[in-house]
Amino acid sequence: MNAMTDPHHFERLSNQHLDALEEETIFILREVAAAFERPTLLFSGGKDSLVMLKCAEKAFGAGRIPYPLLMIDTGHNFHEVTDFRDFRAKELGAELIVRSVEDSMARGTVRLAHPGESRNVHQSVTLLEAIEEFRFDALIGGARRDEEKARAKERIFSHRDSFGQWQPKAQRPELWTLFNTRLQPGEHFRVFPISNWTELDVWQYIEREKIALPSLYYTHKRNVVERKGLLVPVTELTPPKDGEVVESRDVRFRTVGDITCTCPVESTAATAADIVIETLSADVSERGATRMDDKTSEASMEKRKKDGYF
C-alpha cells in the first residue's frame with residue numbers, strides 16, 4: 001500500500017463506467033422499495049454504506065428515502081465512525097435504528113467465551129433479533145463480490161430462510177436483471193446493490209461525487225504493533241502483547257469495523273485521489289489486508305454468513 005501517488009496516473013484513469021454502476025445500484029434500490037413491504041438499509045457509516053446512501057439520495061431525494069437505516073453496533077466501534085453515522089443520517093433526514101450487541105448480551109442471547117472475545121461475530125444474533133423485532137423482509141447491504149470469496153458466491157438478491165441462514169445452493173437465478181422476490185412467511189432477502197463494484201470503483205466514485213467520509217479512511221498517525229502480518233492498532237481493547245514493539249506510523253483504514261478485529265494499513269494517502277492510485281497497486285483485498293477475524297480459517301466468512309451474518 002506504499003505506492004507512489006502520481007497525479008498523472010489519476011488524470012489518465014477513466015471513470016465513465018461509474019455511470020453504469022450507479023444506474024444499476026439506483027435501479028436495485030428502487031426495486032427493493034417497490035417489491036418489499038418492510039425493507040431497511042444497513043448503514044455502518046463506512047465507505048460502502050455511504051456510497052449506497054449517496055445512490056439512495058439520488059434515487060429518492062434527500063428526506064425521502066423510503067426505508068430506515070439500520071446499524072448493528074458491537075459497542076466497540078470507532079467513535080469517529082459512529083459520530084459520522086449519526087451526522088450523515090440527520091443531515092439526510094433519514095430514520096436511523098441502532099441495535100447493540102450489548103443489549104443481546106444483557107438479554108442472555110449472546111454470551112462471550114471470555115471478556116476479551118471479539119463481539120464482531122455475535123452481530124449475527126443481534127441482527128436476527130432486529131429482523132424479528134421490525135419484521136424486515138429485505139435488508140440492503142454494502143457487500144461487494146471482490147471483498148472475499150464467500151461474498152463472490154452471492155446473488156444480488158440473496159435469499160435467507162426462516163432461520164436467517166444463507167444456503168448457497170438454494171439461491172435463485174438472476175438473468176437479465178430479473179429478480180425473484182417471492183418469500184415464504186419468516187423468510188427475507190439480503191440485497192447487495194453494489195455487488196458489481198470493486199474497491200477501486202468505490203474510491204473513484206467517492207472522489208467524483210466528493211462524498212465525505214470518517215477521518216479514519218485517510219492518513220493519520222497511530223500507534224500500532226505488527227502481529228501476524230497485520231498492523232494492529234494499540235487501544236484499550238487491543239493492547240500490545242509481551243515483546244511487541246509499539247510504533248507510531250502513518251496509516252489509514254481500508255475498511256472500518258469492530259476495533260478488536262480491524263487493522264489499518266501503512267499509507268500517506270490524504271485524499272480520495274491518492275487512495276485511487278494506491279488501490280491500483282494493491283495486491284491484497286481490503287478484508288485480507290485488514291481483518292483479523294478473517295484470518296481464523298479459510299471458510300470463516302462463509303460459516304458466519306450461514307449463521308446469519310451480513
Side-chain angles (χ1 to χ4, degrees), residues 24-44 48-49 52-53 55-56 59-60 65-73 94-101 103-104 107-110 120-145 147-196 299-310:
E24 179 185 53
T25 299
I26 288 173
F27 166 74
I28 294 166
L29 290 169
R30 289 173 173 167
E31 189 77 2
V32 171
F36 296 96
E37 294 182 11
R38 292 174 297 278
T40 184
L41 191 153
L42 294 167
F43 181 61
S44 66
D48 296 326
S49 60
M52 281 205 306
L53 200 59
C55 290
F60 305 108
I65 297 177
Y67 25 72
L69 313 181
L70 172 67
M71 181 184 183
I72 305 301
D73 193 338
E95 178 187 358
L96 175 64
I97 299 170
V98 178
R99 290 296 180 266
S100 174
V101 173
D103 293 334
S104 298
R107 288 190 291 269
T109 52
V110 167
N120 194 56
V121 67
H122 298 292
Q123 289 179 95
S124 302
V125 174
T126 309
L127 177 63
L128 293 174
E129 290 173 344
I131 292 170
E132 183 177 2
E133 177 184 355
F134 294 98
R135 298 190 300 131
F136 291 131
D137 53 3
L139 291 89
I140 307 167
R144 307 186 320 269
R145 291 186 176 123
E147 289 183 273
E148 201 272 343
K149 61 185 181 182
R151 286 181 167 170
K153 298 179 182 179
E154 280 282 17
R155 299 286 194 266
I156 292 176
F157 280 70
S158 177
H159 176 264
R160 303 297 171 106
D161 64 21
S162 58
F163 296 100
Q165 294 181 323
W166 174 67
Q167 302 293 345
K169 295 181 180 180
Q171 299 305 305
R172 299 168 181 179
E174 293 180 342
L175 305 175
W176 307 291
T177 63
L178 297 175
F179 304 109
N180 181 349
T181 59
R182 288 178 296 179
L183 289 172
Q184 296 296 322
E187 298 176 344
H188 69 274
F189 275 93
R190 309 285 173 88
V191 183
F192 304 109
I194 62 171
S195 289
N196 294 324
S300 57
M301 171 62 78
E302 185 155 340
K303 180 181 183 301
R304 280 179 287 159
K305 283 166 63 63
K306 289 180 179 178
D307 290 340
Y309 191 70
F310 304 132

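One-based numbering along the sequence shown. In this text the structure is predicted, and so the values were computed from the model without any measurement.
With sequence neighbours excluded, no residue satisfies ring-ring contact (aromatic ring centres under 6.0 Å, His included) with His188. In this view, Ala35 and Thr181 satisfy the side chain to side chain contact (heavy atoms under 4.5 Å, CB included) rule, not counting sequence neighbours. Not a single salt bridge (Lys or Arg N to Asp or Glu O under 4.0 Å) links Glu37 to another residue, sequence neighbours left out. Judged as a ring-ring contact (aromatic ring centres under 6.0 Å, His included), and not counting sequence neighbours, Phe27 has no contacts. Asp103 meets the side chain to side chain contact (heavy atoms under 4.5 Å, CB included) test with Ser100, Arg107; sequence neighbours excluded. For the ring-ring contact (aromatic ring centres under 6.0 Å, His included) test, residues two or more places apart in sequence or in another chain that qualify with Phe189 are Phe36, His159. Remark: Glu31 pairs with no residue by the salt bridge (Lys or Arg N to Asp or Glu O under 4.0 Å) rule, at least two apart or across chains. In this structure, the salt bridge (Lys or Arg N to Asp or Glu O under 4.0 Å) partners of Asp73, at least two apart in sequence or on a different chain, are Arg85. Residues that satisfy the side chain to side chain contact (heavy atoms under 4.5 Å, CB included) test with Ser162, not counting sequence neighbours, are absent from this structure. In this view, Arg182 and Asn180 satisfy the side chain to side chain donor-acceptor pair (under 3.5 Å) rule, not counting sequence neighbours. Evaluation of the side chain to side chain contact (heavy atoms under 4.5 Å, CB included) rule for Arg30 yields Ile26, Ala59, Phe60 as partners, not counting sequence neighbours. In terms of the salt bridge (Lys or Arg N to Asp or Glu O under 4.0 Å) criterion, residue partners of Arg99 (sequence neighbours excluded) are, by chain and number, Glu133.
A distance of 8.0 Å separates CD1 of Ile72 from OG of Ser104, quoted to the nearest 0.5 Å. If you take CD1 on Ile131 and OG1 on Thr126, they are separated by 11.0 Å, rounding to the nearest 0.5 Å. Put simply, CD on Glu95 and CG on Leu70 are 10.0 Å apart, with the number rounded to the nearest 0.5 Å. Note that the CG atom of Leu96 and the OG1 atom of Thr40 stand 9.0 Å from one another [nearest 0.5 Å]. For the atom pair Asp161 CG and Trp166 CH2, the distance stands at 12.5 Å (nearest 0.5 Å). Here the straight-line distance linking atom CZ of Phe157 with atom OG1 of Thr177 works out to 10.0 Å at 0.5 Å rounding.
Nearest heavy atom pair, residue Ile194 against residue Gly142, reads CD1-O, 3.4 Å. The two residues Ala138 and Val191 make their nearest non-hydrogen contact at CB-CG2, 4.5 Å. In terms of heavy atoms, Pro193 sits closest to Glu24 at O-OE1, 4.5 Å.
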Could you walk me through whether Ile28 and Ile156 pass the side chain to side chain contact (heavy atoms under 4.5 Å, CB included) check?
CA-CA 9 Å; Ile28 294 166; Ile156 292 176; 3.6 Å; yes
Would you check, one step at a time, whether the test side chain to side chain contact (heavy atoms under 4.5 Å, CB included) holds for Phe43 with Leu53?
CA-CA 8 Å; Phe43 181 61; Leu53 200 59; 3.7 Å; yes
Is there a side chain to side chain contact (heavy atoms under 4.5 Å, CB included) between Tyr67 and Ile140? Walk through the geometry before answering.
CA-CA 10 Å; Tyr67 25 72; Ile140 307 167; 3.5 Å; yes
Side chain to side chain contact (heavy atoms under 4.5 Å, CB included) evaluation trace for Ile65 with Leu29:
CA-CA 10 Å; Ile65 297 177; Leu29 290 169; over 6 Å; no
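At a threshold of 4.5 Å between non-hydrogen side-chain atoms, the residues Pro39 and Asp137 count as touching.
No option in Arg190, Arg172, Arg160 other than Arg160 meets the salt bridge (Lys or Arg N to Asp or Glu O under 4.0 Å) test with Glu154.
Not one N or O on the side chain of Ser195 forms a donor-acceptor pair closer than 3.5 Å with the backbone of Arg145.
Residue-environment remark: CD (Glu132) stays at or below the threshold of 12 foreign heavy atoms within 6.0 Å.
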